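Predicted model, so just to flag it, every value in this text is computed and none were measured. Quick note: numbers below take in every heavy atom, side chains included, and nothing from hydrogens, waters or symmetry partners. Index from 1, following the sequence.
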Amino acid sequence: MSAPAFPPLPPGFRFGAATAAYQIEGAHEEDGRGPSIWDTFSHTPGRTLGGATGDTACDHYHRYPEDVALLRELGVDGYRFSIAWSRLLPQGTGPVNAKGLDFYDRLIDELLAAGIAPAATLYHWDLPQALEDRGGWRVRETAEAFAAYTAVAADRYGDRVERWITLNEPFCSAFVGYAEGRHAPGAREGRGALAAAHHLLVGHGLAVRELRTAGAREVGITLNLDRLHPASGRPEDLAAVRRAEVLHNEVWTEPLFAGRYPEHEEETWAGLADGDWRCPGDLRLIGAPLDFVGINFYRPVTVEAAPHGEPDPEKRTATDIGVTETNPYGTRLTTMGWPVVPSAFTELLRDIAGRYPRLPPLWITENGSAEADSVTPDGRIHDAERIDYLAGHLAAVADAVTAGVDVRGYYVWSLLDNFEWARGYDQRFGLVRVDYDTLTRTPKDSYHWYRGLITAHRARTEEPAR
């Protein structure tokens, strides 16, 4: 397949694919792995679609050589995976599990033998259940435990991992998990969720310190920042966007890149934002310089004012800020119900780069679409909608680069169809289809298209073919 027509990305721009441990590994009780909050959550009736769990998922734990071969054939420069904390430290702290360490040794060595640069995410939502039982991210001790776990991982893999990501999408960990209850651990809290958000950032800062001490090559964090639009020019809608900007973006970006807490947090959270979980020196710790920032993007969000779900501020969850999301775009929706608006991606990248002079280079660490894939009688998967989505969003990245935004690379989400959290297995994001009955992998048309795009980029920039 030919590559799409979009402004050429610069020489040195890198392409990769991404996955996450709980979504693909399986082997949930094998070789000493301890339970995570997602094991507990998915095994609780009513929490996931159809009662789906990640017990087996894609069985990547046993099939990783096959998956690395797919990556090699795809021609990617890098692979972003996550390390399961409870596979290395089954109780979150204490004794290290040698067999867990060995698994990621094998995976990393397999990647390097295939000429693929490993990018390791230390936390992709799967907190060891033992730590949640002691307060989870609501308490500072979990941030300290995260630093100790980081030291274990960095000591073992630091000589081979090119890029380290401390946290993936802390918004989801703090607010979808501790305020909305849609994700593990399934809590619906106010101050608890805000404390979790802060302690995730403290954990990030402590992990950065450990990685620097270990001599890590590149250190960053991945954020799922949102491009927010007001539903109208009414003052109440503009105020709703202001509050949503704090919730979705500034909780992370202001401490990380400006050395301060969000200016409008009090009006966003009313009586919840007393911040008694903050300690002197936290901002300096959180704002330690980074080598890159990962950006995950899927769709824009339009916001309008709405009544609070809970009139008493003391009883509200941290995401009850008097807003509602609408979809005025009139574009195609993915099967997740997300509008396809590539131009919003360019807007987001330009905005974040223009807002923070200290912002390090960007990597797109997730971008992709869930589509209604089906297998034709000849065994092919013709996912033209996914190809259209990826082409449009890569063009949007190229537009941002042309406008002066320093974007170094792009990891497509995802290599494989996988366990899509509370949505179970009904949403397929992969370039490779996984038959969940047989675990057979079948590359889709988008896989072949992406391979062609990478080949065309190398030819344009005169880089050696893989």
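Taking the six-membered ring for Trp and thresholds of 30 and 60 degrees, His183 and Trp125 have ring planes inclined between 30 and 60 degrees apart. Aromatic ring pairs are classed by plane angle as parallel below 30°, tilted from 30° to 60° and perpendicular above 60°; the pair Tyr79 and His60 is tilted. Using bins of under 30°, 30° to 60° and over 60° for the plane-to-plane angle, the ring pair Trp421/His124 lands in the parallel bin.
A centroid separation of less than 6.0 Å is found between the aromatic rings of Tyr64 and Phe103. Taking the six-membered ring wherever Trp is involved, the centroid distance between the rings of Trp277 and His199 does not fall below 6.0 Å.
Here CG of Asp406 is found 11.0 Å from CG of Leu349. Values are rounded to the nearest 0.5 Å. Distance check, rounded to the nearest 0.5 Å: CG of Asp133 to CD of Gln91 gives 9.0 Å.
When atom types are taken as modelled, the side chain of Tyr450 and the backbone of Ala17 share no donor-acceptor pair closer than 3.5 angstrom. A side-chain donor-acceptor contact under 3.5 Å links Arg441 to the backbone of Leu439. Between the side chain of Asn97 and the backbone N or O of Arg87 there is at least one donor-acceptor pair closer than 3.5 Å. Under the 3.5 Å distance criterion, the side-chain polar atoms of Thr326 are left unmatched by any main-chain donor or acceptor of Pro328. Between the side chain of Arg138 and the backbone N or O of Gly192 there is no donor-acceptor pair closer than 3.5 Å. Put simply, the side chain of Glu385 never gets that close to the backbone of Glu371: no donor and acceptor are under 3.5 Å apart. The backbone N or O of Ser446 sits nowhere less than 3.5 Å from a side-chain atom of Arg386 that would complete a donor-acceptor pair. Under a 3.5 Å cut-off, the side chain of Arg47 and the backbone N or O of Phe41 do not form any donor-acceptor pair. Counting only distance, with no hydrogens or angles, the side chain of Asp320 and the backbone of Gly309 share a donor-acceptor pair below 3.5 Å. Looking at Thr166, its side chain never comes within 3.5 Å of a backbone N or O of Ala207 through a donor-acceptor pair.
Electrostatic pairing of Glu189 and Lys315 does not count as a salt bridge here, judged by no charged N lying under 4.0 Å from a carboxylate O. Electrostatic pairing of Arg355 and Asp351 counts as a salt bridge here, judged by a charged N lying under 4.0 Å from a carboxylate O. Taking 4.0 Å as the cut-off between side-chain N and carboxylate O, Arg80 and Glu162 do not count as a salt-bridged pair. Using a 4.0 Å cut-off between charged nitrogen and carboxylate oxygen, Glu218 and Arg163 count as a salt-bridge pair. Between Glu250 and Arg243 no salt bridge is recorded (no basic side-chain N to carboxylate O distance below 4.0 Å). The pair Glu420-Arg428 does not count as a salt bridge, with every side-chain nitrogen at least 4.0 angstrom from each carboxylate oxygen. The pair Arg33-Glu25 fails the salt-bridge criterion, with no side-chain N (NZ, NE, NH1 or NH2) lying under 4.0 Å from an Asp/Glu carboxylate O.
For Thr40 and Gln129, the side-chain atoms include at least one donor-acceptor pair closer than 3.5 Å. Asp237 and Ser232 form a side-chain donor-acceptor contact under 3.5 Å, judged by distance and modelled atom types alone. Defined by atom type and a distance below 3.5 Å, a donor-acceptor pair is missing between the side-chain atoms of Ser369 and Tyr298. Between the side chains of Asp55 and His43, at least one donor-acceptor pair of N or O atoms lies under 3.5 Å.
Taking 4.5 Å as the limit, every side-chain heavy atom of Asn296 sits out of range of all side-chain heavy atoms of Asn367. Counting heavy atoms from C-beta on, the side chains of Arg260 and Pro255 never come closer than 4.5 Å. Here the side chains of Leu167 and Thr121 are not in contact, with every heavy-atom distance at 4.5 Å or above. A heavy-atom distance below 4.5 Å is found between the side chains of Leu348 and Ile295. The side-chain heavy atoms of Asp226 and Asn249, taken from C-beta on, include a pair separated by under 4.5 Å. Phe15 has its side chain within reach of Leu394: a pair of non-hydrogen atoms, C-beta onward, lies under 4.5 Å apart. Contact check for Asp39 versus Thr53: no side-chain heavy atoms found under the 4.5 Å cut-off.
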| request: Just do the salt bridge (charged side-chain N to carboxylate O under 4.0 Å, His left out) check on Asp274 and Arg191 with the steps written out, would you? | output: CA-CA 9 Å; Asp274 54 29; Arg191 283 188 177 85; 2.9 Å; yes
| Given Trp269 and Leu194, is the side chain to side chain contact (heavy atoms under 4.5 Å, CB included) satisfied, shown in steps? | CA-CA 9 Å; Trp269 286 299; Leu194 293 174; 3.5 Å; yes
| task | Please lay out, stage by stage, how Arg212 and Arg209 fare under the test side chain to side chain contact (heavy atoms under 4.5 Å, CB included). | result | CA-CA 5 Å; Arg212 296 296 188 206; Arg209 181 183 295 172; 5.9 Å; no
| message | Could you go through Val405 and Leu362, starting from their C-alpha distance and side-chain angles, then the distance that decides it, and tell me whether this counts as side chain to side chain contact (heavy atoms under 4.5 Å, CB included)? | response | CA-CA 8 Å; Val405 182; Leu362 303 179; 3.8 Å; yes
| request: Just do the side chain to side chain contact (heavy atoms under 4.5 Å, CB included) check on Ile37 and Trp137 with the steps written out, would you? | output: CA-CA 12 Å; Ile37 56 174; Trp137 287 109; over 6 Å; no
Going by atom type alone, with no hydrogens or angles, which donor-acceptor pairs under 3.5 Å involve a side-chain atom of residues 335-346 and a protein atom two or more places apart or on another chain?
{"from": "Thr335", "atom 1": "OG1", "to": "Ala370", "atom 2": "O", "distance (Å)": "3.1"}
{"from": "Thr335", "atom 1": "OG1", "to": "Gln427", "atom 2": "OE1", "distance (Å)": "2.7"}
{"from": "Thr346", "atom 1": "OG1", "to": "Ala396", "atom 2": "O", "distance (Å)": "2.9"}

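Nearest approach of Thr222 to Pro170, heavy atoms of both residues: O-CD, 3.4 Å. Across Phe175 and Ala197, no two heavy atoms sit closer than the pair CZ-CB, 4.0 Å. Closest heavy-atom contact between Tyr178 and Ser173: CD1-O, 3.2 Å. Scanning all heavy atoms of the two residues, the minimum distance from Phe257 to Leu290 falls at CE2-CD1, 4.4 Å. Residues Pro118 and Leu111 come closest through the heavy atom pair CB-CD1, 4.1 Å. Asp417 and Gly430 get closest at one heavy-atom pair: OD1-N, 2.9 Å.
Checking Val432, Leu431, Ile387, Asp383 one by one against Lys444, the side chain to side chain contact (heavy atoms under 4.5 Å, CB included) holds for a single residue, Asp383. Residue Trp85 forms a ring pair (Phe, Tyr, Trp, His ring centres under 6.0 Å) with just one option from Tyr104, Tyr22, Tyr149, and that option is Tyr149. Of the options Tyr123, Phe171, Phe146, a side chain to side chain contact (heavy atoms under 4.5 Å, CB included) to Leu200 is made by Tyr123 and by none of the others.
With sequence neighbours left out, the side chain to side chain donor-acceptor pair (under 3.5 Å) criterion links Asp282 to Arg140, His198.
In this structure, Arg408 forms no cation-pi arrangement with Phe292, as its terminal cationic atom is not both closer than 6.0 Å to the ring centre and no more than 45° off the ring axis.
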